[in-house]
Participant: 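Got a structure for you, written out below as structure tokens; questions coming shortly.
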Number of protein chains: 4
Amino acid sequence: MARPRSDEKRAAILEAATTIIVERGLSAPTASIAKLAGVANGSFFTYFETKSDLFNQLYLELKKDMAAAIMKDFPVNATLRDQTRHVWQAGTNFAMASPHKRRAMVQLAVSDEITPQTRAAAEALARGFGQFVTRLREHGSLRNVPITFAGSIMNALSEATIEAMVKDPDNAQKHCETGFEAFWRAIS
Amino acid sequence: MARPRSDEKRAAILEAATTIIVERGLSAPTASIAKLAGVANGSFFTYFETKSDLFNQLYLELKKDMAAAIMKDFPVNATLRDQTRHVWQAGTNFAMASPHKRRAMVQLAVSDEITPQTRAAAEALARGFGQFVTRLREHGSLRNVPITFAGSIMNALSEATIEAMVKDPDNAQKHCETGFEAFWRAIS
Amino acid sequence: MARPRSDEKRAAILEAATTIIVERGLSAPTASIAKLAGVANGSFFTYFETKSDLFNQLYLELKKDMAAAIMKDFPVNATLRDQTRHVWQAGTNFAMASPHKRRAMVQLAVSDEITPQTRAAAEALARGFGQFVTRLREHGSLRNVPITFAGSIMNALSEATIEAMVKDPDNAQKHCETGFEAFWRAIS
Amino acid sequence: MARPRSDEKRAAILEAATTIIVERGLSAPTASIAKLAGVANGSFFTYFETKSDLFNQLYLELKKDMAAAIMKDFPVNATLRDQTRHVWQAGTNFAMASPHKRRAMVQLAVSDEITPQTRAAAEALARGFGQFVTRLREHGSLRNVPITFAGSIMNALSEATIEAMVKDPDNAQKHCETGFEAFWRAIS
DNA sequence: TATGAATGAGGTTTCATTCAT
DNA sequence: AATGAATGAAACCTCATTCAT
């Protein structure tokens, strides 16, 4: 019967946090996040129990964002190479389009604020890709290697690729291709 | 602010910092570092002007450590593949032998405490490898790509490899090989 | 700020406050009181202007409760000793039956939340005993002493008595007698 | 070799706390205590781990003060009545001379900040009176009653007495006598 | 009127850095 | 140079109170 909790405000805080994290690090005051989000200092805690809680929720949200971007228009019936190509392209596109989100994700990922539960939930998002992951695993050199290794390699290589794309945006697409080819060879 | 007498204390602080960073993050109090190093609270600032200063010096020191480990017994006259092989093996050996150092390096690398100057100095260490880097650049797919991209790819792949080795130490050597083969294919 | 409709809610808040004060002290949040009373956060302030206001009203209410308990069946025509005896017994009975109320009263009494007006109103309740107080004052050693001193002595001794009764409930009635005899001797 | 911790500062903080507690209650900010003590905000925590810690130490200190005042010139060889008389007089004198200390003690005693350990330590101070307590217990009506009851009665009556003395200082000594006589009769 | 979200002042405690010894 | 007490600026979070619904 009272004013309902506002999804917009929650979103505003999350977005403000993304920006602040990139620009001032995880140790930036909650007050700065609240201010940028346009809410009162204390309202932060109406939407997130603690600062840590915000970090965890934000991390998941960002991961979901990216997963959604990658799943969009996923070519279900294409060859494994083309599917991988799509994932690679969509992933790098996302990172180029939302550089703040990507950098915040990295900051959060290496911090000790993210709980094992949150990390598990983030990994679980990969299940959305269904068969793709399974097929990729059975491909070439990944066959005899733990899944996480495969994931890490892909992640690591695409990180490097994105880094190159960001630093040299004029040749972004070229770097994207090069990166993909390197990755594809790596896992062949 | 005269030159402090004891190099041992400086080293003790650096080592303590490495441990503390891994166990409690970059936001751990300087006092905790001093305590672990066995020096007084205030002595920290006799050896390092600020906390940030310590971080930067430590980062460089760690990078130097690793560079030295890699350069040790470098096969000057071997084939490029064997040289690369040596670098790969020495790098992963170092990481396995000094897990604290590696993790601290990662923490520091992603933080915003490390200045561009420090990062530049760290990259400059690669020059110690002289011709090796040059030859690697001219090899295969790396020919048309910025050096940093090559470095990133190597770094990224070896990170992933080390991660796998650490998580599954029984098959460490196998993961090391697999990682190297993947890398070599990637840059071919 | 019109007269609120529900007396039940007011009573619920007062009762909840009594419990909360005993269990968590005067600094417990108003929200905790509201919650225990089963009303919303903000409704607290429909019934009481401020937290202090609640404390003052509660204090008076508790004093009234106790006064009522003591006046019940007061032996109007008995000897002074028997009347005193009745007051003593009824007072300790009340405290034993409503330990929360007694403890909340103590907490409130020593706090600086209770205004002089409230304290005066509480003292005024004694007037309900009419002649009894007058007669008591003229008795024995109290003759040459300010009334408040007499009241304090009685209060102090009965506090001590109740404390003993609460701590050792098996011998409660015995402690009650002993306390009364001590009191009676004290004022003789 | 560094600046030693200063007993004066500790004492200054304790004294400031006494004043602040009386004037603004236990919920007064630690900053206000530090300010009145003439030390920096943070120095408070060099001398006391937490606010609660201060409260507990202060409580004990005050109790010790009073115990010392009462033990001073205690007539070891006097009659029980004269010894009691001495205790009564010294106690009320102390309260009259240090009203702040007394009021702070009361505030602390009823608060839930004082731990059972501290309360126990405070009670243990009574042991300093050696035989006196034992003899008092064996006297008159206290014989068949728990010690704590005897203590409470004395405490309660002297509280009431002091209250009267404070409110009417011109007749302080008279109230003191009256109170003592009432007490003596009560325990006879 | 009842609700509970919104507000923002304020509190305790931490900690990088300085400074007396 | 070494020590550790002193400093005071923040930081996170709480909570009385207000206000939109």
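We use all heavy atoms of the structure for the numbers below, so side chains are in, but hydrogens, waters and symmetry mates are not. Numbered from 1 within each chain, the chains take letters A, B, ... in sequence-line order.
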Participant: Whole angstrom is fine here: how far is it from CZ in D:Arg10 over to P in F:dA6?
Facilitator: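 My rounded result for the distance is 13 Å.
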
Participant: Expressed in angstrom and rounded to an integer, what is the separation of A:Phe48 atom CZ from F:dC12 atom P?
Facilitator: 15 Å

Participant: Return the pairing partner of E:dT14 with a 3.5 Å limit on both distances, Watson-Crick or G-U wobble; otherwise return none.
Facilitator: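 Across all strands, the one nucleotide that pairs with E:dT14 is F:dA9.
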
Participant: Please say whether more than 12 non-hydrogen atoms of neighbouring residues, nucleotides or ligands are located less than 6.0 Å from CD in B:Glu23.
Facilitator: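 Result for CD/B:Glu23: enclosed.
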
Participant: Using a 4.5 Å cut-off on heavy atoms from C-beta on, say whether the side chain of B:Leu54 contacts that of B:Leu14.
Facilitator: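 Heavy-atom side-chain distance check passes, below 4.5 Å.
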
Participant: Would you say A:Ser32 and A:Arg24 make side-chain contact, with heavy atoms under 4.5 Å?
Facilitator: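 SC-SC contact between A:Ser32 and A:Arg24 confirmed.
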
Participant: May I ask you to say whether A:Arg102 pairs ionically with A:Glu159, meaning some side-chain N is under 4.0 Å from a carboxylate O?
Facilitator: yes

Participant: Return the value, rounded to whole Å, for the distance between atom CZ of A:Phe55 and atom C1' of F:dC12.
Facilitator: 12 Å

Participant: Compare all side-chain heavy atoms of A:Lys64 with those of A:Leu125 and state whether any distance is below 4.5 angstrom.
Facilitator: yes

Participant: Classify the nucleic acid contact of C:Lys9 as base, sugar-phosphate or nothing, counting any heavy atom under 4.0 Å across all strands shown.
Facilitator: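 Sugar-phosphate: the residue C:Lys9, judged by heavy atoms under 4.0 Å, touches backbone atoms but no base.
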
Participant: What is the distance, rounded to the nearest whole Å, between atom CZ of D:Arg5 and atom C1' of E:dC19?
Facilitator: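 Rounded to the whole Å, the gap is 17 Å.
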
Participant: Can you tell me the pairing partner of F:dA20 across any strand shown, Watson-Crick or G-U wobble, with both distances under 3.5 angstrom?
Facilitator: E:dT3

Participant: In whole Å, I'd like the distance from the CD1 atom of C:Ile33 to the P atom of F:dC15.
Facilitator: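 Rounded to the whole Å, the gap is 12 Å.
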
Participant: Return the value, rounded to whole Å, for the distance between atom CG of A:Leu54 and atom P of F:dA11.
Facilitator: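 In whole Å, F:dA11 P and A:Leu54 CG are 16 Å from each other.
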
Participant: Once rounded to the nearest 0.5 Å, what's the spacing between atom CG of C:Leu60 and atom CZ of C:Phe55?
Facilitator: 14.5 Å

Participant: Starting at CZ of D:Arg3 and ending at P of F:dA2, how long is that distance when rounded to a whole Å?
Facilitator: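 Whole-Å distance recorded here is 18 Å.
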
Participant: Tell me whether A:Glu113 is salt-bridged to A:Lys51, with the criterion being a basic N under 4.0 Å from an acidic carboxylate O.
Facilitator: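 Looking at A:Lys51 together with A:Glu113, the answer is no, because their closest N to O distance does not fall below 4.0 Å.
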
Participant: Which whole-number value in Å describes the distance from B:Lys35 NZ to E:dA16 P?
Facilitator: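 Interatomic distance, NZ of B:Lys35 to P of E:dA16: 15 Å.
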
Participant: D:Gly38 or A:Pro4: which one's nearest nucleotide on DNA chain F is closer to the 5' end?
Facilitator: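 Whichever sits nearer the 5' end wins; that is D:Gly38.
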
Participant: Hey, is the side chain of B:Tyr47 poking within less than 4.0 Å of OP1 or OP2 on F:dA2, counting only N and O atoms?
Facilitator: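 So the side chain of B:Tyr47 is within the cut-off, an N or O lying under 4.0 Å from OP1 or OP2 of F:dA2.
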
Participant: Does the protein touch nucleotides 8-13 of chain E at the base, only the backbone, or not at all? Give it as B, S and - per nucleotide, heavy atoms under 4.0 Å.
Facilitator: B--SSB

